[in-house]
Amino acid sequence: MKKVFLIFSLVACFLPLSVILRADTVVEEIIARVNNQIVSRSEYLRSREQLKQELQQQDAAQADKVFTVKQKDVLRDLIDQQLLLDKGKDLGITADTELVKRLDEMRKQMNLDSMEDLEKAATSQGISYEDFKQNLRNQIITQQVIGKEVGSHMSITKEEEQKFYEEHKDEMQQPEQIKLSEILVSTQKPNPPADQKAANSAPASSPPASSPPASSPPASSPPASSPPASSPPATSPPASSPPATSPPATEDPQQLAAAEAKAQDLLAQIRKGASFEEIAKKNSDGPSAPQGGDLGLFKRGMLAKELEDKTFAMKPGEVTDVIRTKQGFVILKVSEHQQAGVPGLKEMEPRIQDAIYMQKLQPSLRAYLTKLREEAFIDVKPGYVDTGASANQTKPVETTTKEANARKLKKKKKFGII
């Protein structure tokens, strides 16, 4: 349930709420105007609180200190966001196709059967599904604007990659580990109906790498926000579950035989050339099925001894025989086998490129947002500061109508005196 809430709350909190005006409410205090849009005080306070909560989750000991520095940029970030959305409109970016794709990915991560179930899951958390979709759309638009207007103009040379590799070798040290995928044919009871899952189940909202094999202790994946070329991913301590090959005390012989026959048939299809990932998506009973069975990386000591001996002796692309486990029958595939030490430059190249890209993106994005400010009309209420402001940006001026009315009134007063 916490994971369900997290998926929706992260998107719902990404963008400020629209200002709602009703006859029986007080109009929101406006602290900034960006072209035809506004930033309200409640949006600003909400963003500050969200920042504080995020920092507490990342490092509670340093949260207050970091917040003191970062909270100064809260209004800047809100203005940045609106400028990017305005630019998205100018570029004709609607994000329609990508929105449907993202929503479907969320549905799969949450193990829901339909988009209606996803809507129910959002509603059960007290979140407006329409607002949720709009906020997600806005995220996609800003990402696409940045990619098109900033990222596409950046380049990375081979010399930069080599230099980064040499300077960060210590951070690239990694233990021997394998990347596994699984197909599970369960001998357990079937899953609950979709509507019950939408209301009560805890979905697999984390990346695929965090799902352990059906027969082993859990493993964890690299944090999504970590620099691509940083140190090896942290791992969860091995669980104290029974050995992977220990079957339950009592089982239905017919169900057992049917499950084994199905697993053997799936293995035969794979060895004849069928895609392991497609077979997993269509036939696996494991939680990693929507991701093609992907389980992520495992170091030595994280799997049951029998599984470790089998899988660590395999080469990338190889598939095990059908293995009996307490959950049912499992087929494992070794997708990668990383040796201990520092990988070669060619192996690390994608992660190095990502890291250099992020290093270059921030100053380039800041320069681009400064340019957008200079092309926009921005007015910030006294007492608030836009730390991204440019000395060359334009502030809205009073209309000439007001000035004309003032001059007319002045003439009338003179006539009265006469």
Side-chain angles (χ1 to χ4, degrees), residues 8-19 28 30-51 54 70-103 105-106 130-155 224-225 354 356-381 384-396:
F8 291 115
S9 61
L10 285 178
V11 178
C13 292
F14 182 80
L15 293 175
L17 292 174
S18 300
V19 178
E28 286 255 31
I30 298 172
I31 64 172
R33 296 181 184 274
V34 183
N35 294 323
N36 294 325
Q37 304 299 321
I38 64 171
V39 177
S40 70
R41 186 169 181 271
S42 66
E43 294 166 3
Y44 172 77
L45 294 176
R46 180 182 176 185
S47 295
R48 276 172 53 98
E49 185 59 31
Q50 182 188 348
L51 172 63
E54 290 173 353
K70 290 194 172 185
Q71 60 91 21
K72 299 175 183 177
D73 294 329
V74 169
L75 181 57
R76 180 201 71 179
D77 293 344
L78 290 171
I79 293 174
D80 288 349
Q81 185 175 268
Q82 192 55 57
L83 289 169
L84 291 170
L85 290 174
D86 283 352
K87 188 63 178 180
K89 291 179 182 178
D90 294 342
L91 296 173
I93 297 175
T94 62
D96 290 341
T97 303
E98 184 64 20
L99 176 63
V100 173
K101 181 180 176 182
R102 293 273 188 96
L103 290 171
E105 287 174 355
M106 288 183 180
E130 292 305 314
D131 288 346
F132 170 76
K133 288 197 299 182
Q134 184 59 50
N135 289 347
L136 181 57
R137 182 191 297 275
N138 289 346
Q139 285 186 35
I140 295 168
I141 291 172
T142 57
Q143 290 166 359
Q144 291 185 354
V145 170
I146 292 170
K148 184 174 183 178
E149 295 290 289
V150 183
S152 63
H153 300 294
M154 298 191 310
S155 61
S225 59
D354 287 344
I356 296 174
Y357 176 86
M358 293 306 297
Q359 286 182 351
K360 289 186 171 185
L361 179 63
Q362 293 309 313
S364 299
L365 177 58
R366 195 73 259 150
Y368 177 69
L369 287 165
T370 297
K371 178 174 175 288
L372 290 184
R373 274 172 167 74
E374 293 171 355
E375 296 172 350
F377 291 95
I378 300 174
D379 187 24
V380 177
K381 183 177 180 179
Y384 295 87
V385 178
D386 171 17
T387 57
S390 166
N392 298 323
Q393 69 188 50
T394 304
K395 180 178 178 179

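Not measured: the values here are computed from a predicted model. The chain is numbered in sequence order, starting from 1.
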Item checked: pair Y368-E149: side-chain heavy atoms closer than 4.5 Å ->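 Heavy-atom side-chain distance check passes, below 4.5 Å.
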Checklist line | Distance-only side-chain donor-acceptor flag, N138 / Q134, under 3.5 Å | finding: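 Result is yes, a qualifying pair exists.
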Check: Closest approach of G388 and T370, non-hydrogen atoms and distance?
Finding: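 Scanning both residues completely, I find the closest heavy atoms to be O-OG1, 4.5 Å.
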Next item on the list: To the nearest 0.5 angstrom, please state how far the CD1 atom of I146 sits from the NZ atom of K87.
Entry: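 It comes to 13.5 Å.
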Check: Is there a side-chain contact between L365 and D80, using heavy atoms and a 4.5 Å cut-off?
Finding: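 Counting from C-beta outward, L365 and D80 never come under 4.5 Å.
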Check: Just how far is it from atom CD of Q144 to atom CG of L84, taken to the nearest 0.5 Å?
Finding: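 Taking CD in Q144 and CG in L84, the distance rounds to 12.0 Å.
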Margin query: Side chains of L75 and V39, heavy atoms from C-beta outward: is any pair under 4.5 Å?
Written below: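 The answer is yes; the side chains approach within 4.5 Å.
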Checklist line | Between CD on residue E54 and CD on residue E49, distance to nearest 0.5 Å | finding: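 Those atoms lie 10.5 Å apart.
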Note to self: Can you confirm whether Y384 sits close enough to V74 that some side-chain heavy atom of one is under 4.5 Å from a side-chain heavy atom of the other?
What the structure shows: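 No; the side chains remain at least 4.5 Å from each other.
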Item checked: Heavy atoms from other residues, nucleotides or ligands near CG of D96 exceed 12 (cutoff 6.0 Å) ->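 Yes, the 6.0 Å shell around CG holds more than 12 heavy atoms from other groups.
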Notebook entry, point to check: Does some side-chain heavy atom of D77 sit less than 4.5 Å from a side-chain heavy atom of S47?
Noted result: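 The answer is no, as the side chains (C-beta and beyond) never meet within the 4.5 Å cut-off.
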Check: Are side-chain N/O atoms of Q82 and D86 paired as donor and acceptor at under 3.5 Å?
Finding: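 Distance-only check passes for Q82 and D86.
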Check: Which pair of non-hydrogen atoms, one from I141 and one from G88, has the smallest distance, and what is that distance?
Finding: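 Answer, listing the atom of I141 first, then G88: CG2-CA, 4.0 Å.
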Next item on the list: Test D386 against every option in R76, R373, K72 by the salt bridge (charged side-chain N to carboxylate O under 4.0 Å, His left out) rule and name the one that passes.
Entry: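 Between D386 and the candidates, salt bridge (charged side-chain N to carboxylate O under 4.0 Å, His left out) is satisfied uniquely by R373.
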Notebook entry, point to check: Where is the tightest heavy-atom contact between K360 and S155, given as atom of each residue plus distance?
Noted result: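 Closest pair (atom of K360, atom of S155, distance): NZ-O, 2.6 Å.
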Next item on the list: Would you check if the side chain of N392 reaches a backbone N or O of E374 as a donor-acceptor pair within less than 3.5 Å?
Entry: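 Judged by distance alone, no pair lies under 3.5 Å.
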Check: Could you state the interatomic distance from CG (L103) to NZ (K133), rounded to the nearest 0.5 Å?
Finding: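 The NZ atom of K133 is 7.0 Å from CG of L103, to the nearest 0.5 Å.
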Item checked: Atom pair CG (L78) and CD (Q37), whose distance is rounded to the nearest 0.5 Å ->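 Reported value, rounded in 0.5 Å steps: 13.0 Å.
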Note to self: More than 12 heavy atoms of other residues, nucleotides or ligands under 6.0 Å from CZ of R102: yes or no?
What the structure shows: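 Atom CZ in R102 is packed in, count exceeds 12.
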Notebook entry, point to check: For the residue pair A376 and L83, what are the closest heavy atoms and their distance?
Noted result: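 The answer is CB-CD2, 3.7 Å.
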Note to self: Return the NZ to CZ distance between K381 and R33, rounded to the nearest 0.5 Å.
What the structure shows: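 Here the rounded value is 11.0 Å.
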Notebook entry, point to check: So do H153 and S364 actually touch side chain to side chain, heavy atoms under 4.5 Å?
Noted result: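 Not in contact.
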Next item on the list: Check whether any side-chain heavy atom of V385 lies under 4.5 Å from a side-chain heavy atom of V380, and answer yes or no.
Entry: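 With C-beta onward as the side chain, the pair stays apart.
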Checklist line | Test item: Q393 side-chain N/O and S390 main-chain N/O as donor-acceptor pair under 3.5 Å | finding: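 Side chain of Q393 to backbone of S390, a donor-acceptor pair under 3.5 Å: yes, one is there.
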Notebook entry, point to check: Does some side-chain heavy atom of I93 sit less than 4.5 Å from a side-chain heavy atom of V145?
Noted result: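 The answer is yes; the side chains approach within 4.5 Å.
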Notebook entry, point to check: Does NZ in K70 sit with more than 12 non-hydrogen atoms of other residues, nucleotides or ligands closer than 6.0 Å?
Noted result: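 At most 12 heavy atoms, drawn from other residues, nucleotides or ligands, come within 6.0 Å of this atom.
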